[in-house]
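What follows is a short report on a single structure.
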Amino acid sequence: EYLLETGRYDEAVTNYNLVITKNPGYKNALIHRGKAKYALGAYKGTQKDAIQSIELKGIQPDNAALLGRAFAAMGESEAAINSITAAILLDHKNMEYLIWRAQMYETSGQRLKACVDYETAAKSGNSEAQVKAKNYCGITTVSNNQETTTINNPNTTNESSNPPTSDNTTVQNDTNS
C-alpha cells in the first residue's frame, strides 16, 4: 500500500502482481492494484481487477466504485453510473462516491442529477461538493442553522433580495425544524 500511497504506481502494480499470484484475495490486493492501474490510465486492467474482486468477494462498495470509475474513464457512462450507484447504495456515507457519480452525470449532460448529488455531498460538509454545487448548480449552503438554496435559472430575472429557485420562487428553510 505504501507504493500506491506515494504515487509509485508501476512498482505497486508489480508488487501486487506477485501478491495476487499467491493469493488473489489478500487484503484487497486486487482493489489496490486496480487503483494503481487506474492512476496509470490502464482502465481495461482496472476494470478486470474490479470484476475479479467482485467474483472473489461479491459486490462491495470499493470494487463497485472502482468498476464505475473504470467504465467512466472508458466512456461507458451508463455502466459507470450503474456501478457507482451500487457503491452508493452499499455505502451511502461515502461522499466521494456521490461526487464521482455527480461528475459522471455532469459529463453525460444530466445536470439536475449531478446537482442533486453535489448538493447532498455539500450538505455533509464536503468542500469540493460545496464548490461544485455553487459554481455548477448555483446552490449555496449556509451552515449557521439556516439554509438558503439558490438554483439560478439564466432565463429568469430576480428583483428580490432573496435568491430564486428554478421556477423563480424563493426558498429559505430553517434547518432547526
Side-chain angles (χ1 to χ4, degrees), residues 4-7 9 31-32 34-43 46-47 49-50 59-177:
L4 183 61
E5 292 169 4
T6 57
Y9 304 118
I31 293 300
H32 294 306
K35 288 178 180 179
K37 288 179 178 180
Y38 183 88
L40 292 169
Y43 305 124
T46 301
Q47 178 187 23
D49 284 351
I59 298 174
Q60 301 293 319
D62 56 355
N63 58 30
L66 184 62
L67 183 59
R69 294 187 75 203
F71 280 134
M74 294 185 297
E76 299 178 38
S77 63
E78 186 175 345
I81 290 168
N82 289 339
S83 295
I84 203 74
T85 298
I88 292 166
L89 291 172
L90 293 166
D91 183 3
H92 66 277
K93 293 182 180 181
N94 188 327
M95 293 300 110
E96 190 171 43
Y97 297 161
L98 266 179
I99 291 170
W100 291 342
R101 186 174 69 180
Q103 292 167 341
M104 292 171 191
Y105 282 141
E106 186 177 344
T107 300
S108 65
Q110 298 180 61
R111 185 183 191 113
L112 291 177
K113 289 180 179 182
C115 290
V116 168
D117 282 355
Y118 284 135
E119 182 178 25
T120 301
K123 285 180 180 178
S124 77
N126 184 291
S127 59
E128 179 184 358
Q130 289 170 349
V131 169
K132 287 298 284 189
K134 179 180 179 185
N135 295 338
Y136 180 69
C137 306
I139 300 171
T140 307
T141 304
V142 181
S143 60
N144 61 356
N145 292 335
Q146 252 202 10
E147 173 186 298
T148 303
T149 303
T150 306
I151 303 175
N152 293 325
N153 183 343
N155 298 322
T156 62
T157 59
N158 180 42
E159 296 176 11
S160 165
S161 62
N162 291 322
T165 62
S166 59
D167 62 357
N168 220 22
T169 59
T170 300
V171 175
Q172 279 203 329
N173 299 318
D174 187 346
T175 57
N176 287 329
S177 49

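All residue numbers refer to positions in the sequence shown, counting from 1.
Closest approach of Ala114 to Glu106, counting heavy atoms only: CB-N, 3.8 Å. Of all heavy-atom pairs spanning His92 and Met95, the tightest one is O-CE, 3.3 Å. Nearest heavy atom pair, residue Tyr97 against residue Ile88, reads CB-CG1, 3.6 Å. Taking both residues in full, the closest heavy atoms of Ala50 and Asn63 are given as CB-O, 3.7 Å, listed atom of the first, atom of the second, then distance. Smallest separation of non-hydrogen atoms from Leu4 and Tyr9: O-CE2, 3.6 Å. Contact record, Ala80 with Ala72: CB-N, 3.4 Å, taken as the closest heavy-atom pair.
In this structure, Asn82 CG and Glu76 CD are separated by 11.5 Å, a value rounded to the nearest 0.5 Å. Between atom CD of residue Gln60 and atom CG of residue Leu66 there is a gap of 13.0 Å, rounded to the nearest 0.5 Å. The structure places OG1 of Thr120 at 11.5 Å from CG of Asn126, a figure rounded to the nearest 0.5 Å. Atoms CD1 and CD, from Ile99 and Glu96 in turn, are 7.0 Å apart once rounded to the nearest 0.5 Å. Separating the CH2 atom in Trp100 from the CG atom in Asn94 is a distance of 7.0 Å, to the nearest 0.5 Å. With rounding to the nearest 0.5 angstrom, the NZ atom of Lys35 is 12.0 Å from the CG atom of Asp49.
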Passes side-chain contact (heavy atoms from CB on, under 4.5 Å), Gln103 versus Tyr118? Steps please.
CA-CA 9 Å; Gln103 292 167 341; Tyr118 284 135; 3.4 Å; yes
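Inter-residue side-chain proximity for Leu98 and Arg101 is flagged as met; some heavy-atom pair is nearer than 4.5 Å. Looking at heavy atoms from C-beta onward, Leu67 lies in side-chain contact with Gln47 at the 4.5 angstrom threshold. For the pair Cys115/Ile139, a side-chain contact is recorded, criterion being any heavy-atom separation below 4.5 Å from C-beta on. Residues Asp117 and Tyr105 are in side-chain contact: their nearest non-hydrogen atoms beyond the backbone lie under 4.5 Å apart. Residues Ile81 and Ser108 meet the side-chain proximity criterion, which asks for heavy atoms closer than 4.5 Å. You'll find the side chain of Tyr136 reaches within 4.5 Å of the side chain of Arg111, heavy atoms only. Thr46 places none of its side-chain heavy atoms less than 4.5 Å from the side chain of Phe71.
Under the 4.0 Å criterion applied to side-chain N and carboxylate O atoms, Glu128 and Lys132 are not assigned as salt-bridge partners.
Atom CG of Leu89 has more than 12 heavy atoms from other residues, nucleotides or ligands within 6.0 Å.
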